[in-house]
Amino acid sequence: MPDTAELVKEKLDIAEFIRGYVVLSSAGKNLKGLCPFHKEKTPSFIVSPERDSWHCFGCNIGGDVIAFLMRYENLEFLEALRILAEKAGVEMRGRAPEERQYGVLYEINHAACEFFRNALAAETAVGGVARNYLDERGLKQEIINEFEIGFAPNASDALSRHLSKAGFKIQDVERAGLVFKTERGTFWDRFRGRIMFPLHNHFGKVVGFTGRVLPHEDPESGEGPSNAKAVSAETTLAKYVNSPETPLFSKSKLLFGYWKSKSAIREAKAAVMVEGQMDFLMSYQDGVKNVIATSGTALTSDHLKQLKRSADTIIIAFDTDEAGQAATERVIDLAGAADFTVKIVNQKSLGKEAMKDPADIVKESPGTMAQLVAAAEPAMRHYFDRYLVPLFAVRNVEVNQDMASIKRSVRMVLSKIKLLASPVEQAHWVREVGSVTGVSEPHLFAELEALRNQKKENAALHELQSVPDETIFSRRDLIAQRLCSLGIADTALRAEIVNQTSFFHAPYARLLAALFQDEGKGAPPELATLADLVRLRSSFEMTDPKAMKEEAGELIRTLKREFYRDQQGVVRRAIQRAEKEGDETRLAESLREFDRIAKEIYNA
């Protein structure tokens, strides 16, 4: 009997499903469109309804409908399967081992969330202290309920005992990141004496937690051994503790609150980015619904890829302390490189004294946060204010006395402009630099070009602009794939292509026979993926027989040259060995062979 995954794939039309994410057009039996996983102008993304699969020839990635949803929404297997099963009307009864290992972790995190919520609501002294803290921060009860905020009792094993009684294995609880093993071999709760903020995935399921230490509560004062070495320093001293990386939780992919705010972000085409959970919750409470939080984690390309599907603008509202300002600059650079329009909330725009963070702003002045967001300024102004205005605000500055500082400041701002993805935006800000500094635009563009030529590539920009490359093919591999595809597209070319079998790598030589015998049904299992790849690629081939014949001829000549060059490399190494060993006979033979191959390359 087919398993759940196979039933789901049978029920769903892969083309119709992917149409919900990608604009597809006809390409013979297949469909093509712009790849949703990397930037491109010419379609390289193919969907094959016949084979229930998709493949991108720019990324070299592909798979079935489950793989597509996993990659597009950054989901785990079970999560994607459950969503698709519901869409297909398939009931998930018997679960495979891979499904069960995720399923139990979801169940454990849900049970832990309920435990923490009950602990916060309990009529106990410490529960009252936790509730008072949230009240003092200005958080309303409806927000506490909506986001399932709780409290972790200050005891070494309160949660682990509760989960054990509920029937969960301690090893699974450890896998979920909720306990850790001490040097004595016992298990301690990771979160103790902390306000608990559940971390939800994009579909609202709890996958982890952030715990904030409760003021006046010492997490080491609970039950358990007095030996301090038994407790992780991370969990006893840190103000905030996050769940570790687990099969469900990856901090580089999850943005706090996105599950709640993604609709508002999509509607506004803009995301307000804050740092902490309280910043998010207070902003959300104050009516700023299109907000997300990095939760103390450095912004990553995965975060930006998620946001790019819903928004084209990021409005930064980080803390005003030095750490917050450093984080602000990093986000400006990364988001600008990813072609977002980036703005910054400027508290001074309303003439108010700077407060440390958005949570403070909302508490002290409800309604102000929305006004600040509406009045957000272009992020590049941050660099102007920091590096240029102090030097050029006074027009009679003694330029000659501090030319080194001026050059450093101008180059700093230009280096930030260089990171912007849009040439139009770059040109605009270069003009602005000229307006502030009095330096002519041609000189500024010359300086910008010099910076571009420097080999100081921004690592984060490189990560954002790189294309995923899961399968690396050699030049001969790509030529062989193209020839196979041409043979599929035009049967008249097959005989000539098959005649070149001796020049193909072994797998492709076998593939030729498999593809052009009984329509590829004879392809052995180990070549099935490769066969699917070249069949999909055939959708891109032109329909003009003459043009295809000319291309096939050129590809065959190139294939032969590549084949002989590979042979030439082998012979070159033989010549070097013969010279080193003083073997004149072998040297003479190798030189003759080298000349023969050189002639073959010339004649190819």
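Start at 1 with the first residue, then count along the sequence.
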Self-check item: Check: Y72 ring centre within less than 6.0 Å of Y21 ring centre
Solution: yes

Quiz item: Are the side chains of L334 and S301 in touch, meaning some heavy atoms are under 4.5 Å apart?
Solution: no

Quiz item: Is a donor on one side and an acceptor on the other found under 3.5 Å between the side chain of T246 and the backbone of A176?
Solution: no

Quiz item: Is atom NZ of K205 surrounded by more than 12 heavy atoms (other residues, nucleotides or ligands) closer than 6.0 Å?
Solution: no

Quiz item: Side chains of Y284 and N290: do they bring a donor and an acceptor to under 3.5 Å?
Solution: no

Quiz prompt | Smallest separation among heavy atoms of A112 and L163, with atom names | solution = N-CD2, 4.2 Å

Exercise. Grab the two heavy atoms, one from L69 and one from A80, that are nearest each other, plus how far apart they are.
Key: CD2-O, 3.8 Å

Exercise. Identify the heavy atoms of Q325 and D319 that sit nearest to each other, and give their distance.
Key: NE2-O, 3.3 Å

Exercise. May I ask you to test the I315-I344 pair for a side-chain heavy-atom distance under 4.5 Å?
Key: no

Quiz item: What is the distance from atom CZ of F256 to atom CG of N242, rounded to the nearest 0.5 Å?
Solution: 10.5 Å

Practice problem: Check whether any side-chain N or O of W54 sits under 3.5 Å from a backbone N or O of G62 as a donor-acceptor pair, and report yes or no. | Solution: no

Practice problem: May I ask you to establish whether K87 and F17 are in a cation-pi arrangement, using a distance under 6.0 Å from NZ or CZ to the six-membered ring centre and at most 45° from the ring axis? | Solution: no

Self-check item: S415 side chain to Y383 side chain, donor-acceptor N/O pair below 3.5 angstrom
Solution: no

Quiz item: Should the heavy atoms of other residues, nucleotides or ligands under 6.0 Å from NZ of K269 be counted, would the total exceed 12?
Solution: yes

Quiz item: Do F68 and F37 have their ring centres less than 6.0 Å from each other?
Solution: yes

Quiz item: Quick one: does N132's side chain have a donor or acceptor within less than 3.5 Å of a partner on G128's backbone?
Solution: yes

Quiz item: Less than 4.5 Å apart, any side-chain heavy atom of P153 and any of F115?
Solution: yes

Quiz prompt | Under 3.5 Å donor-acceptor, H303 side chain and K251 backbone | solution = yes

Practice problem: Drop me the distance from D357's CG to K363's NZ, to the nearest 0.5 angstrom. | Solution: 11.0 Å

Self-check item: Stepwise side-chain contact (heavy atoms from CB on, under 4.5 Å) check, V274 with M282
Solution: CA-CA 11 Å; V274 298; M282 292 296 286; over 6 Å; no

Quiz item: Are any of the side-chain heavy atoms of L307 and M273 separated by less than 4.5 Å?
Solution: yes

Practice problem: First locate atom NZ of K343, then atom OG1 of T313, and finally report the distance between them rounded to the nearest 0.5 Å. | Solution: 6.0 Å

Quiz prompt | Pair R212-Y133, side-chain hydrogen bond (donor to acceptor under 3.5 Å, both in side chains): steps then yes or no | solution = CA-CA 11 Å; R212 193 229 188 265; Y133 167 76; 2.9 Å; yes

Practice problem: Verify, without hydrogens or angle tests, whether S365 (side chain) and T368 (backbone) share a donor-acceptor contact under 3.5 angstrom. | Solution: no

Self-check item: Point-to-point distance, once rounded to the nearest 0.5 Å, from CG of L388 to CZ of R381
Solution: 10.0 Å

Exercise. Tell me whether the centres of the aromatic rings in F384 and W429 are closer together than 6.0 Å.
Key: yes

Practice problem: Indicate whether the side chain of N145 and that of Q141 have a donor and an acceptor atom separated by less than 3.5 Å. | Solution: yes

Quiz prompt | Closest non-hydrogen atom pair between L214 and A130, with its separation | solution = CD1-CA, 3.9 Å

Quiz prompt | Side-chain heavy atoms of E329 within contact of R386, under 4.5 Å | solution = yes

Self-check item: Side-chain donor/acceptor of D279 to backbone N/O of G276, under 3.5 Å
Solution: yes

Practice problem: Nearest 0.5 Å please: distance from the CG atom of L178 over to the CG atom of D172. | Solution: 11.0 Å

Exercise. Begin from the C-alpha positions of E146 and K260 and carry the test salt bridge (charged side-chain N to carboxylate O under 4.0 Å, His left out) through to its verdict.
Key: CA-CA 10 Å; E146 185 174 357; K260 277 287 186 182; 3.2 Å; yes

Quiz item: Quick one: does Q277's side chain get under 4.5 Å of T210's, heavy atoms only?
Solution: yes

Quiz item: Side chains of H200 and E148: is there a donor and an acceptor less than 3.5 Å apart?
Solution: yes

Practice problem: Would you tell me whether R82 and Y106 have side-chain atoms, one donor and one acceptor, within less than 3.5 Å of each other? | Solution: no

Quiz prompt | Over all atoms of both residues, closest heavy-atom pair of L34 and V22 | solution = O-CG1, 3.5 Å

Practice problem: Taking D189 for its side chain and F191 for its backbone only, find out whether a donor-acceptor pair lies under 3.5 Å. | Solution: no

Quiz prompt | R137 side chain to M278 backbone, donor-acceptor under 3.5 Å | solution = no

Quiz prompt | Evaluation steps, side-chain contact (heavy atoms from CB on, under 4.5 Å), between L199 and V206 | solution = CA-CA 6 Å; L199 305 175; V206 179; over 6 Å; no

Self-check item: Any donor-acceptor pair under 3.5 Å from R131 side chain to L120 backbone
Solution: yes

Quiz item: Any donor and acceptor pair, going by atom type alone, linking the side chain of S261 with main-chain N or O of V291 inside 3.5 Å?
Solution: yes

Practice problem: Flag the pair K407 and E447 as a salt bridge only when some basic side-chain nitrogen lies within less than 4.0 angstrom of an acidic carboxylate oxygen. | Solution: no

Quiz item: Any side-chain heavy atom of S44 sitting closer than 4.5 Å to one from H38?
Solution: yes

Exercise. Could you check if a side-chain atom of I144 sits within less than 4.5 angstrom of a side-chain atom of R117, using non-hydrogen atoms only?
Key: no

Quiz item: For H110, does the NE2 atom sit with more than 12 other heavy atoms under 6.0 Å from it, leaving out its own atoms?
Solution: no

Practice problem: Check the pair V331 / F318 against side-chain contact (heavy atoms from CB on, under 4.5 Å), numbers first and verdict last. | Solution: CA-CA 10 Å; V331 173; F318 283 1; 3.7 Å; yes

Quiz item: Minimum heavy-atom separation for R330 to L299, with atom names?
Solution: NH1-O, 2.6 Å

Quiz item: Which value, rounded to the nearest 0.5 Å, describes the distance between M412 atom CE and I417 atom CD1?
Solution: 12.5 Å

Practice problem: Could you walk me through whether E40 and C35 pass the side-chain contact (heavy atoms from CB on, under 4.5 Å) test, one step at a time? | Solution: CA-CA 7 Å; E40 63 177 4; C35 178; 3.3 Å; yes

